[in-house]
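This report concerns only the one structure given below.
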2 protein chains.
Amino acid sequence: MSERSQETDSFADVCNQLRNHAYKLTPQRQTILKIFLEQGSGHLSAEEIYQLVKPHYPDIGLATVYRTLDILADLGILQKNDFGDGRSRYEFSRRDEHHHHHLICLRCGSVSEFDDDLLESLETMIAKRNKFKVVDHVLKFYGYCSRCQEELNRDA
Amino acid sequence: MSERSQETDSFADVCNQLRNHAYKLTPQRQTILKIFLEQGSGHLSAEEIYQLVKPHYPDIGLATVYRTLDILADLGILQKNDFGDGRSRYEFSRRDEHHHHHLICLRCGSVSEFDDDLLESLETMIAKRNKFKVVDHVLKFYGYCSRCQEELNRDA
DNA sequence: CTTATTGCAAATGATTTGCATGGCG
DNA sequence: CGCCATGCAAATCATTTGCAATAAG
């Protein structure tokens with residue numbers, strides 16, 4: 001229940017952001033947005049989003065998906081990630097939410113998330129030490145998720 | 001003086017690594033290797049390496065450069081980086097040297113490096129907390145280098 | 001000798017772009 | 001109504017691959 005109203009709020013919210021930036025509120029853009037609000041957790045590629053949108057809006061072009069993702073990422077509504085599989089992956093990023101980082105499994109490719117408190121102090125220290133003004137950071141850990149660790153032990 | 005002998009050692013060292021893995025020591029591979037040992041510090045793209053090799057070995061093909069970079073990165077002799085400019089960038093990575101991370105300037109594109117002591121403990125903690133076995137990590141800070149900060153203040 | 005390696009050209013795969021048409025504000 | 005947005009197809013761009021010729025061990 002609280003989930004639904006939260007989703008609705010987010011949707012209206014993003015629509016306003018688009019309007020404020022003089023972007024038109026086309027059905028294609030709305031559909032893509034809804035996909036993210038419904039999925040919530042996934043790290044979707046452009047092609048995956050394209051496939052998910054098609055049932056709702058069959059005439060959409062892949063180029064439109066790319067153009068929309070660009071806009072949403074520029075506005076900070078989506079986070080564009082590179083997990084090293086050759087395509088960009090997008091996830092919904094609630095405003096004001098401090099962005100998280102990723103644990104990428106080298107065996108099954110699953111991606112999980114973690115928040116960083118410690119990284120804050122590391123960032124401050126490094127910025128000071130190098131006279132470098134940090135505006136964003138990316139932290140990824142590659143390794144094996146717990147499930148894959150078990151399966152590897154079993155096979156060995 | 002100590003620099004030259006160090007370079008020579010590194011060269012012989014890498015040649016041995018190739019031999020140990022049953023890779024042939026072709027002149028193309030040797031030339032590419034020397035480029036890295038001479039440059040030392042740069043973060044070179046495949047195309048840039050190709051251009052640097054050509055004067056020494058005009059008939060080399062770009063595909064060979066890519067293939068060689070793959071091998072050297074697999075052996076841990078080179079570190080393959082993604083700085084978000086759409087091409088991979090390689091740097092020489094002395095064996096036994098704990099790999100460093102990057103400060104990427106959003107204005108001038110310069111890349112500087114820093115080492116991480118604190119990240120170690122962060123890694124341990126996160127691994128424990130998430131039952132995730134970490135084998136590698138990537139940490140990048142995006143922001144403005146000291147030079148660009150000055151220039152931005154001047155212009156403003 | 002024997003097989004890994006090479007150069008070339010063609011293939012790939014994600015993303016971008018030109019352009020005429022269509023639709024939001 | 002004007003101009004942004006769209007769909008389509010063609011263009012890009014980095015990287016990969018098939019293949020016959022070549023060379024390292």
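Within every chain, numbering begins at 1; the chains are lettered A, B, ... in the order of the sequence lines, protein sequences first and strands thereafter.
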Distance-only, no hydrogens or angles: does the B/Gln149 side chain make a donor-acceptor pair with backbone N or O of A/Lys131 under 3.5 Å?
yes
By nearest heavy atom, map A/Ala46 and B/Asp59 onto DNA chain C; which one lands nearer the 5' end?
B/Asp59
Residue whose closest nucleotide on DNA chain D lies nearer the 5' end, A/Pro27 versus B/Leu62:
A/Pro27
Along DNA chain D (nearest heavy atom to each residue), the more 5'-positioned of B/Ser88 and B/Thr26:
B/Ser88
Counting just side-chain N and O atoms, does [X] come under 4.0 Å of either OP1 or OP2 of [N]?
X	N	result
B/Gln28	C/dG7	yes
A/Arg67	C/dT17	no
A/Tyr66	C/dT15	yes

Would you say [X] and [Y] make side-chain contact, with heavy atoms under 4.5 Å?
X	Y	result
B/Phe92	B/Leu72	no
A/His137	B/His101	no
B/Arg89	B/Val111	no

Listed nucleotide nearest any side-chain atom of [X], set [options]:
X	options	result
A/Ile60	C/dA4, D/dG7, D/dA5	D/dG7
B/Leu25	C/dT17, D/dG25, C/dT6	D/dG25
B/Tyr57	D/dA14, C/dT6, C/dG7	C/dG7
B/Ala63	D/dA14, D/dT17, D/dA5	D/dT17

Quick one: do A/Val134 and A/Ile126 satisfy side chain to side chain contact (heavy atoms under 4.5 Å, CB included)? Show the steps, please.
CA-CA 9 Å; A/Val134 177; A/Ile126 284 167; 5.7 Å; no
How many whole angstroms separate atom [atom1] of [X] from atom [atom2] of [N]?
X	N	atom1	atom2	answer
A/His21	D/dC3	NE2	P	22 Å
A/Arg19	D/dC4	CZ	P	18 Å
B/Asp70	D/dA14	CG	C1'	13 Å

Double-helix bend of the helix from C/dC1-D/dG25 to C/dG25-D/dC1, axes at both ends from 5 pairs, round to 10°, gives 40°
Step-by-step side chain to side chain donor-acceptor pair (under 3.5 Å) determination, B/Gln30 to B/His56
CA-CA 11 Å; B/Gln30 294 184 52; B/His56 299 288; over 6 Å; no
Step through it carefully: locate the ring centre of B/Phe141, locate the ring centre of B/Phe114, and say whether they are under 6.0 Å apart.
yes
